[in-house]
Amino acid sequence: MIPLSYAQRRLWFLNRLQDGTALYNMPLALRLTGRLDREALRAALTDVVERHESLRTVFPERDGEPRQRILRMDKVRLDIVERTCAEAELAAELTAAAGHRFDLATDLPLRVELFSVAADSHVLLLVLHHVAGDGWSLAPLARDVSV
């Protein structure tokens, strides 16, 4: 187990104090058009999580102190929550999903939801908790998933 940086400790404390507030969530929505290969999408996301330890780090307490625990990939379960919605409902659905409350002690700091709007139109929503990244992280994250 690894000690937290000062910034991580602050975010961990606020997460505990405010019962998993979504205030520090960073949503990234990617529009996907055309035939979707769900297996390729899952493989791409799994590859990104495998290469970036911060995306598979949890922050449990031990003896009253928070610690970082980087999970091995064989212990990581990357869920892709799939939903179907109409285009008119999409903005509200994305807003609601971006409000996910992370439990940093047990949850991966990345949540993935796929919204199917039509057979050839989807929106991939990645919600990253600020404890695992910052504003600069979103562009490389989107690029890694796209590649």
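One is the number of the first residue; the rest follow in order along the sequence.
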K.L.:
Just wondering, do Leu28 and Leu128 contact through their side chains at under 4.5 Å, heavy atoms?
P.N.:
no

K.L.:
Search all heavy atoms of Ala132 against all heavy atoms of Ser54 and return the closest pair with its distance.
P.N.:
O-OG, 3.3 Å

K.L.:
With a cut-off of 6.0 Å (strictly less than), are more than 12 heavy atoms of other residues, nucleotides or ligands near CG of Asp74?
P.N.:
yes

K.L.:
Closest approach of Ala98 and Leu125, non-hydrogen atoms and distance?
P.N.:
N-CD2, 4.0 Å

K.L.:
From Met73 CE over to Leu78 CG, what is the distance, rounded to the nearest 0.5 angstrom?
P.N.:
7.0 Å

K.L.:
Is there a side-chain contact between Val145 and Leu124 in this structure, where contact means two heavy atoms from C-beta onward sitting under 4.5 Å apart?
P.N.:
yes

K.L.:
Do Phe13 and Leu23 sit in the same hydrophobic cluster, where Ile, Leu, Val, Met, Phe, Trp and Tyr count as joined when their side-chain heavy atoms come under 4.5 Å apart?
P.N.:
yes

K.L.:
Which value, rounded to the nearest 0.5 Å, describes the distance between Phe102 atom CZ and Thr21 atom OG1?
P.N.:
11.5 Å

K.L.:
Given side chains that start at C-beta, do those of His129 and Asn25 come closer than 4.5 Å, heavy atoms only?
P.N.:
yes

K.L.:
Are the side chains of Arg83 and Ser116 in contact, using a 4.5 Å heavy-atom criterion?
P.N.:
no

K.L.:
Apply salt bridge (charged side-chain N to carboxylate O under 4.0 Å, His left out) to the pair Glu82 and Arg42, showing each step before the final yes or no.
P.N.:
CA-CA 12 Å; Glu82 294 195 44; Arg42 177 174 293 287; over 6 Å; no

K.L.:
So Leu114 and Leu36, do their side chains get closer than 4.5 Å, heavy atoms only?
P.N.:
yes

K.L.:
For the residue pair Glu89 and Cys85, what are the closest heavy atoms and their distance?
P.N.:
OE1-CB, 3.7 Å

K.L.:
Rounded to the nearest 0.5 Å, how far does CG of Leu71 lie from CG of Leu55?
P.N.:
11.5 Å

K.L.:
Compare every heavy atom of His122 with every heavy atom of Arg38, then report the nearest pair and how far apart it is.
P.N.:
NH2-NE2, 3.8 Å

K.L.:
Determine whether Leu94 and Leu110 fall in the same hydrophobic cluster, where Ile, Leu, Val, Met, Phe, Trp and Tyr are linked whenever their side-chain heavy atoms lie under 4.5 Å apart.
P.N.:
no

K.L.:
Locate the shortest heavy-atom distance separating Arg101 from Asp107; write the atom from each residue and the value.
P.N.:
O-OD2, 4.0 Å

K.L.:
If you group Ile, Leu, Val, Met, Phe, Trp and Tyr by side-chain heavy-atom gaps below 4.5 Å, do Val131 and Leu126 land in one group?
P.N.:
no

K.L.:
Let me check something: do Leu30 and Leu45 share a hydrophobic cluster, defined by ILVMFWY side-chain heavy atoms less than 4.5 Å apart, either directly or through other members?
P.N.:
yes

K.L.:
In Å and rounded to the nearest 0.5 Å, what is the CH2 to CD distance from Trp12 to Gln68?
P.N.:
12.5 Å

K.L.:
Could you please spell out the steps behind the side-chain contact (heavy atoms from CB on, under 4.5 Å) verdict for His130 and Leu14?
P.N.:
CA-CA 11 Å; His130 190 43; Leu14 291 171; over 6 Å; no

K.L.:
Quick one, Asp103 and Arg16 - any side-chain contact, counting heavy atoms below 4.5 Å?
P.N.:
yes

K.L.:
Side chains of Arg69 and Phe59: closer than 4.5 Å at any heavy-atom pair?
P.N.:
no

K.L.:
Less than 4.0 angstrom from a charged side-chain N to a carboxylate O is my criterion; do Arg77 and Asp79 meet it?
P.N.:
yes

K.L.:
Can you tell me how far the CG atom of Leu104 sits from the CG atom of Leu11, to the nearest 0.5 Å?
P.N.:
8.0 Å

K.L.:
For Asp144 and His52, which I'm curious about, is there any donor-acceptor pair between the side chains at under 3.5 Å?
P.N.:
yes

K.L.:
Please report the interatomic distance CD1(Ile70) to CZ(Arg56), rounded to the nearest 0.5 Å.
P.N.:
7.0 Å

K.L.:
Kindly indicate whether the side chain of Arg10, heavy atoms from C-beta on, has any atom under 4.5 Å from the side chain of Tyr24.
P.N.:
yes

K.L.:
Do Val58 and Val112 land in one hydrophobic cluster if side-chain heavy atoms of ILVMFWY residues count as linked below 4.5 Å?
P.N.:
yes

K.L.:
Can you name the closest pair of heavy atoms from Ala22 and His100 and give their distance?
P.N.:
CB-O, 3.7 Å

